[in-house]
Amino acid sequence: MMTIRRLHTYIGAFIAPSVLFFAFTGSLQLFSLHEAHGGYTPPAVIEELGSIHKDQVLKHPKPPGPPDADDAHAAHAGGHHGADSPPPWNVPALKCLFLAVATGLITSTLLGLWLALTTSRRSGLVIALIAAGAALPLLLVLA
């Protein structure tokens, strides 16, 4: 049992940075905060984080201009309701539920990291795995 617990700690420490990243950026995407729409223009960092989440590449925001095929596809990907009609009642409710799930996932992951750091006899290894789990995706995105 101790081997399984130790393995769980090490795997969790390594993947925790990615879990936190995807939970956070996914919660932003629930409400389309990574895309410009209407009078809203997202901060560049949120657009870039959204492109990493969705496309696994770091894209710089497009300058304003005529919509292209990707923009037209994104406009139709939102659901089956028309642009002028409100979404059905369950869409905002589901978004709120998923936001609560993302918040719970972030909280649980942070608590797991705290537990790993405070209860592991090999906290240096745990810190190294957290650092590697954060650095490896960053290096791959920037390569």
Side-chain angles (χ1 to χ4, degrees), residues 1-65 67-81 83 85-143:
M1 193 57 130
M2 287 303 289
T3 302
I4 293 172
R5 182 176 291 169
R6 197 172 308 125
L7 184 62
H8 178 267
T9 297
Y10 298 153
I11 292 170
F14 181 73
I15 68 169
S18 292
V19 169
L20 292 170
F21 173 79
F22 284 115
F24 175 71
T25 57
S27 64
L28 294 174
Q29 290 179 23
L30 281 170
F31 300 97
S32 300
L33 297 177
H34 64 296
E35 299 174 333
H37 47 84
Y40 171 74
T41 303
V45 68
I46 291 178
E47 276 187 296
E48 290 173 358
L49 291 175
S51 74
I52 294 169
H53 183 115
K54 288 175 54 180
D55 304 317
Q56 296 75 53
V57 295
L58 183 60
K59 290 192 268 189
H60 297 289
K62 291 187 244 175
D68 60 12
D70 288 340
D71 294 335
H73 174 71
H76 295 293
H80 299 287
H81 52 275
S85 66
W89 68 269
N90 61 333
V91 172
L94 191 58
K95 287 181 180 188
C96 289
L97 173 65
F98 287 160
L99 179 61
V101 169
T103 302
L105 183 58
I106 289 168
T107 304
S108 179
T109 302
L110 291 173
L111 289 171
L113 287 173
W114 177 75
L115 284 169
L117 289 168
T118 58
T119 63
S120 176
R121 292 182 183 182
R122 301 185 71 189
S123 61
L125 177 58
V126 172
I127 291 170
L129 288 167
I130 294 168
L136 186 59
L138 187 61
L139 290 172
L140 292 172
V141 164
L142 297 176

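Since we're looking at a predicted model, the values are computed, not measured.
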* Asked: In a check of side-chain contact (heavy atoms from CB on, under 4.5 Å) between Leu94 and each of Asn90, Leu97, Val91, which one passes?
  -> Leu97
* side chain to side chain contact (heavy atoms under 4.5 Å, CB included) assessment of Leu129 paired with Val126 -> CA-CA 5 Å; Leu129 288 167; Val126 172; 5.7 Å; no
* Side-chain contact, heavy-atom cut-off 4.5 Å: Leu28 with His34? -> no
* Asked: Roughly how far apart are Trp114 CH2 and Thr119 OG1, rounded to 0.5 Å?
  -> 8.5 Å
* **4.5 Å side-chain heavy-atom contact, Glu35 and Pro42** => no
* Within-4.5 Å side-chain heavy-atom neighbours: Arg122 and Tyr10 -> yes
* Gap separating the OG atom of Ser27 from the CZ atom of Phe98, nearest 0.5 angstrom -> 13.0 Å
Listing, residues 2-9 side-chain donor-acceptor contacts under 3.5 Å, not counting sequence neighbours, or none:
from : atom 1 : to   : atom 2 : distance (Å)
Thr9 : OG1    : Arg5 : O      : 3.0

Just distance, no hydrogens or angles: give the donor-acceptor pairs under 3.5 Å from side chains in residues 11-25, sequence neighbours left out.
from  : atom 1 : to    : atom 2 : distance (Å)
Thr25 : OG1    : Phe21 : O      : 2.8
Thr25 : OG1    : His53 : ND1    : 2.5

* Asked: How far does CD of Glu47 sit from CD1 of Ile52, to the nearest 0.5 angstrom?
  -> 12.0 Å
Anything under 3.5 Å between a donor and an acceptor, one on a side chain of residues 131-143, the other on a protein residue two or more places apart or in another chain? List them.
none

* When rounded to the nearest 0.5 angstrom, what is the spacing between NZ in Lys95 and CG in Leu30? -> 7.0 Å
* Backbone N or O of Thr103 within a donor-acceptor pair of the Thr107 side chain at under 3.5 Å? -> yes
* From Leu49 atom CG to Gln29 atom CD, the distance as rounded to the nearest 0.5 Å -> 9.5 Å
* Asked: Is Ser51 reaching over with its side chain to a backbone N or O of Glu48, donor-acceptor style, under 3.5 angstrom?
  -> yes
